[in-house]
Amino acid sequence: MSDSMRDKQAGLLLDEPLIFERSRSGQMGFDAPELEEADELLPPELLRDAIEGMPEVSEPEVVRHFLRLSQWNLSAATTFYPLGSCTMKYNPIANEAAARMAGFAGLHPMAPDELAQGALELMAELQDMLAEVSGMDAVSLQPAAGAQGELTGMKMVRAYHSDRGDARRTVLIPASAHGTNPASAALCGYEVQQLEGNALGVVEADAVRKAIGPHVAALMITNPNTLGIFEREIAQVAEVVHQAGGLVYLDGANFNALMGVAKPGHMGADVLQFNLHKTFSTPHGGGGPGAGPVGVRQVLADYLPNPRIVRDGEVWRWSDAAPKSIGRVRSFHGNFGMFVRAYAFIQALGGNGLMRATQMAVLNANYVRARLEEIYHLAVPGLCMHECVLTDKHLEPTGISTLDVAKRLLDYGFYAPTIYFPLVVSGALMIEPTESESLETLDEFIAAMIAISEEAASDPNAIHAAPTLTPVGRLDEARAARKPVLRWKAD
Ligand SMILES: *Cc1c(COP(=O)(O)O)cnc(C)c1O
């Protein structure tokens, strides 16, 4: 094969050039008919014959270019994707078909209520299902993501306290929390006071007792926490907070360890968010779209966002009537397509199916933990819930770090786990297999992790050079973030 052939795309590993490099003067992807009266329709300063700097390519070239690039992307549909805390489970194709039904996909968000009865009913039922599975009293589907659900929840907490003329200023948050927790509290004007977990990564009621007081508006706690460990003292912790007049916010991003098994409403949570794009199997990654419904106990129900779905005789309606509502947190009614997918997922599994999914997710995580803890260092000893956190401690003498392991996994055909999170663990590798994976896939992944550990000792340079089987090698990620080149220039 000649070099010039290789420069074009030979074989299957495509070295795709920038679309600007494909540009050839005079090529066109779309040939619009000449518009005679353009001058009359548009002011002359808005008319132009050419757009400077745009690539000139044919339609098939555009299609192939972007399709090829899309094939470089890893996703839960192409590979094992054990990104801890993100719950990258398989998204059933049947859910996609449901979301694409013309009546749902083509529905305008401002359609009159009478013409959107099916959509409203689906949303009302989904609210009830989420309330049931979490043990909460009421749910709003409006927030667009987990982080926005947190913000919505904390706004309700603030509205609740200010209604009582109570100027509480502080929110308690464990050190292992996701960064969005302190961010959400701070956006609501609160100061964050950090709580330390014990040696097992768990928040003790005693630690909360020491920190609590009339200044504390709420505790934000993740259960299971970001170390994949169940907060054993959650009930006592919630009681301490309630006795001091505070509220308990439960970050529900890790609900994949609870479905059908335990309810945050029974743990003393007053408010929580669901991440439909994690637990309830709607696609995520690449920036969205997500959906972060909030659930509340009765004490906060008055403050839920407006508008709300109400039953008015025989019809469903949107209502803005709740006077204490914090108002809207998002345009229209939330990411409706996600609601259809989550609804389909929950209906397909039913209560027992959800429980079984959780059990499989926890079993899978513990299988990975049990097989790898002999080699990799385990952040917290003992059983985990739906994810396990390993570290690079045993690799220290070889000079190989968590980042190197993550890069090398790409050569083995696996997406890397979450790395360097939670921040309380040095060199963390956080593995969440979810219930979707077969024993064979888990064994292949475990074999790759073991092989990398052996390579670290025998051939560390190979790992430093990884990945070598991907279209591009190791990128300078810091420079890409600080000096992004977003504009192509011919020179
Ligand atoms: C993912 C996650 C969030 C934030 O959810 P987004 O939908 O990404 O905004 C919050 N807390 C935890 C523990 C998470 O894993």
Side-chain angles (χ1 to χ4, degrees), residues 76 81-89 91 130 134 140-155 171 173-188 192 195 197 201-203 218-231 234 248-259 264 269 271-295 329-330 334-335 337-339 341-342 361 365 379 384-389 417-425 428-434:
Y81 207 119
L83 201 59
S85 213
C86 292
T87 315
M88 304 297 289
K89 64 173 72 174
N91 305 129
L130 293 175
S134 63
S140 165
L141 302 176
Q142 209 177 91
Q148 206 197 10
E150 291 172 31
L151 180 63
T152 306
M154 292 313 287
K155 281 180 131 182
V171 172
I173 303 182
S176 61
H178 196 270
T180 50
N181 287 190
S184 299
L187 275 173
C188 285
V192 173
L195 286 177
V202 170
V203 174
L219 163 76
M220 286 185 95
I221 188 163
T222 310
N223 197 21
N225 64 29
T226 62
L227 288 154
I229 305 295
F230 191 83
E231 292 286 352
I234 185 80
V248 175
Y249 184 101
L250 192 133
D251 182 331
N254 291 339
F255 211 81
N256 216 43
L258 303 178
M259 286 191 299
V271 45
L272 88 170
Q273 101 278 2
F274 304 87
N275 294 51
L276 297 189
H277 46 291
K278 294 179 179 172
T279 317
F280 295 98
S281 183
T282 71
H284 74 302
V294 285
V329 296
R330 190 192 182 281
N335 279 330
M338 297 298 116
F339 307 152
R341 291 172 173 92
C384 61
M385 297 293 287
H386 64 308
E387 58 196 1
C388 65
V389 183
T418 294
I419 56 172
Y420 301 107
F421 179 80
L423 302 176
V424 290
V425 175
L429 279 148
M430 186 201 226
I431 301 166
E432 180 179 7
T434 82

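When a ligand or atom number is given, it counts from 1 through the structure's own listing order.
- Between Phe255 and Ser134 there is a side-chain heavy-atom pair separated by less than 4.5 Å.
- Scanning the protein for heavy atoms near atom 10 (C) of ligand 1, the closest one is Glu150 OE2, 3.2 Å.
- Of all the heavy atoms in Ile173 and Ala185, the pair that sits closest is CD1-CB, 4.3 Å.
- Using cut-offs of 30° and 60° on the angle between ring planes, the pair His178 and Phe421 is perpendicular.
- Ligand 1 has no N or O atom lying under 3.5 Å from any N or O atom of Ala253, backbone or side chain.
- For ligand 1, the polar-atom distance check against His277 finds a nitrogen or oxygen pair separated by under 3.5 Å.
- Side-chain atoms of Thr87 and Glu432 include a donor-acceptor pair closer than 3.5 Å.
- Regarding atom 6 (P) of ligand 1, its nearest protein heavy-atom neighbour is Gly146 N, 3.5 Å.
- At a 3.5 angstrom cut-off on N or O pairs, Asp251 counts as close to ligand 1.
- Proximity of a side-chain donor or acceptor of Asn254 to a complementary backbone N or O of Pro224 within less than 3.5 Å is detected.
- Interface atoms of ligand 1 facing Ser85, defined by a heavy-atom separation under 4.0 Å, are 13 (C), 14 (C), 15 (O).
- The shortest N/O to N/O separation between Gln148 and ligand 1 does not fall below 3.5 Å.
- Considering only heavy atoms from C-beta on, Ile234 comes within 4.5 Å of Ile221 through its side chain.
- In terms of protein heavy atoms, atom 5 (O) of ligand 1 is closest to Asn275 ND2, 3.0 Å.
- The shortest heavy-atom contact between Val171 and Met220 is CG1-CG, 3.8 Å.
- In Ala147, the parts holding a heavy atom less than 4.0 Å from any atom of ligand 1 are both the side chain and the backbone.
- Comparing heavy-atom distances from atom 2 (C) of ligand 1 across His284, Lys278, Glu432 singles out Lys278 as nearest.
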